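What follows is a short report on a single structure.
The structure presented is a predicted model; accordingly, all values stated were derived computationally and were not measured. Chain letters run A, B, ... following the sequence lines, proteins first and then strands; every chain starts at 1.
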Number of protein chains: 2
Amino acid sequence: MTGSRAPSVPGRRATRQRTAIAGLLDELSDFRSAQEIHEELRRRGDGIGLTTVYRTLQALADAGEIDVLRAGTGEASYRRCSEHHHHHLVCRSCGKTVEVEGPAVEHWADRVAAQHGFAEVSHTVEILGLCAACRQT
Amino acid sequence: MTGSRAPSVPGRRATRQRTAIAGLLDELSDFRSAQEIHEELRRRGDGIGLTTVYRTLQALADAGEIDVLRAGTGEASYRRCSEHHHHHLVCRSCGKTVEVEGPAVEHWADRVAAQHGFAEVSHTVEILGLCAACRQT
DNA sequence: GTCGATAGTGACACTCGTTGTCGATCTGTG
DNA sequence: CACAGATCGACAACGAGTGTCACTATCGAC
């Protein structure tokens, strides 16, 4: 349960806009684009600029507070995630997201990279599929 | 006349431009963006339009003849690859690319997806690192 | 070989996500 | 409270990629 904490991480100051974005991210559980977040905030009456949303999301991502997912078009989506290393299982229809772990995958990636003389290894693993609910229809 | 194979896959006709693009892809072993391919062809004297390069690469990708990799910015890179399912180990400095296989990863992805009720599963796995040569410097 | 239908080409305008600019505004501090 | 500097946001700019459409090259038919 998230009681209260400092929702500002971007730079340092706590502003109305940053609080609003952080709050919305806490509510949402699936990946949302910057534009969607901007729209939702405006719908709620929070006057906020698109530029600010972009900058704040990027800062949060840089700080590791939220995860970024780049869709096929290169459009970025954001989501508040748990802190430990994990990957995502995303429904390609409704966007439902499940965090998954795979120690075996981590080891495999490191091993393969080492075999080819690569160091400072990072990796991206995303699984796309159709969730049970979306298949029903 | 028709001593060589048919390098055209996009639509059906074999044109000078398509032959040039296919030929260049055969030479290169690392991922290149559409713009880089366009520049290189022009440098060689092949008069070719950027639009045509984009369309041809996309058609080749749709036909499964080449692989697409989307960098952080969403910029797409293309590369002629082997036909069987594989993933890439890419040097983040020089772009050197190695094809790798990981049956364990495939199974893991399918299993995890099934556990959460997901079907029609696809996945992306890319490993980024610094190759031996780039570390030396 | 040459004709003609038509797939293909490419200069250009345009979309769209994202970033840069810069004066106005707000925050935390002294 | 006053102030320096962080932050905001309207707008312009950017860059990858796509749509348009008149012109051109390919290739099957003859």
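For A:Thr15, whose side chain is taken as the heavy atoms from C-beta onward, the closest listed nucleotide among D:dC8, C:dT19, D:dT26 is D:dC8. Closest to the side chain of A:Ala14, from the set C:dG28, D:dT7, C:dT18, is C:dG28. For A:Gln35, the listed nucleotide lying nearest its side chain is C:dG17; candidates were C:dT19, C:dT9, C:dG17. Listed candidates were D:dC8, C:dT18, D:dT18. Nearest to the side chain of B:Gln58 is D:dT18. Here the nucleotide nearest the side chain of A:Arg13, chosen from C:dT18, D:dC8, C:dC26, is C:dC26.
Here the closest heavy-atom approach between residue B:Ala113 and residue A:Ile127 is recorded as CB-CG2, 4.4 Å. Contact record, B:Leu89 with A:Val112: CD2-O, 4.1 Å, taken as the closest heavy-atom pair.
Atom pair B:Leu57:CG and D:dG17:P shows a separation of 10 Å (rounding to whole Å applied). In this structure, B:Ile37 atom CD1 and C:dG10 atom C1' are separated by 18 Å, rounded to whole Å. Atom CD in B:Glu39 sits about 14 Å away from atom C1' in D:dG15, given to the nearest Å. The interatomic distance linking B:Ile21 (CD1) with C:dG8 (P) rounds to 13 Å, in whole Å. Rounding to whole angstrom units, NE2 of residue A:His38 and C1' of D:dC8 are separated by 12 Å. As a whole-Å value, the separation of A:Glu36 CD from C:dC16 P is 15 Å. A:Arg70 has its CZ atom 15 Å from the C1' atom of D:dG17, to the nearest Å. Atom CD in B:Gln17 sits roughly 9 Å away from atom C1' in D:dA25 (whole-Å rounding).
In the region residues 41-54 of chain A, proximity to DNA chain C at under 4.0 angstrom, judged on heavy atoms, holds for A:Thr51, A:Tyr54.
Of the charged side-chain nitrogens involved, at least one lies within less than 4.0 Å of a carboxylate oxygen, so that A:Arg79 and A:Glu99 count as a salt-bridged pair. Using a cutoff of 4.0 Å between basic side-chain nitrogens and carboxylate oxygens, B:Arg44 and B:Glu27 are scored as salt-bridged.
Partner B:Gln17 forms a side chain to side chain contact (heavy atoms under 4.5 Å, CB included) with one of B:Thr52, B:Thr56, B:Val53 and no other, that one being B:Thr52.
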Q: List the steps and the verdict of side chain to side chain contact (heavy atoms under 4.5 Å, CB included) for B:Glu39 and B:Arg32.
A: CA-CA 11 Å; B:Glu39 269 181 46; B:Arg32 294 298 159 83; over 6 Å; no

Q. Could you walk me through whether B:His84 and B:His86 pass the side-chain hydrogen bond (donor to acceptor under 3.5 Å, both in side chains) check?
A. CA-CA 6 Å; B:His84 64 282; B:His86 63 271; 4.8 Å; no

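Residues B:Asp46 and B:Leu24 have side chains not in contact (no heavy-atom distance under 4.5 Å, counting atoms from C-beta outward).
Donor-acceptor pairing under 3.5 Å, judged by distance alone, is present between the side chain of A:Arg55 and the base of D:dG9.
Side chains of B:Arg92 and A:Ser122: a donor on one and an acceptor on the other come within 3.5 Å.
Taking five base pairs at each end of the helix from C:dG1-D:dC30 to C:dG30-D:dC1 and finding the rotation axis that steps the C1' atoms of four pairs onto the next four gives two axes whose angle is 30°, to the nearest 10°.
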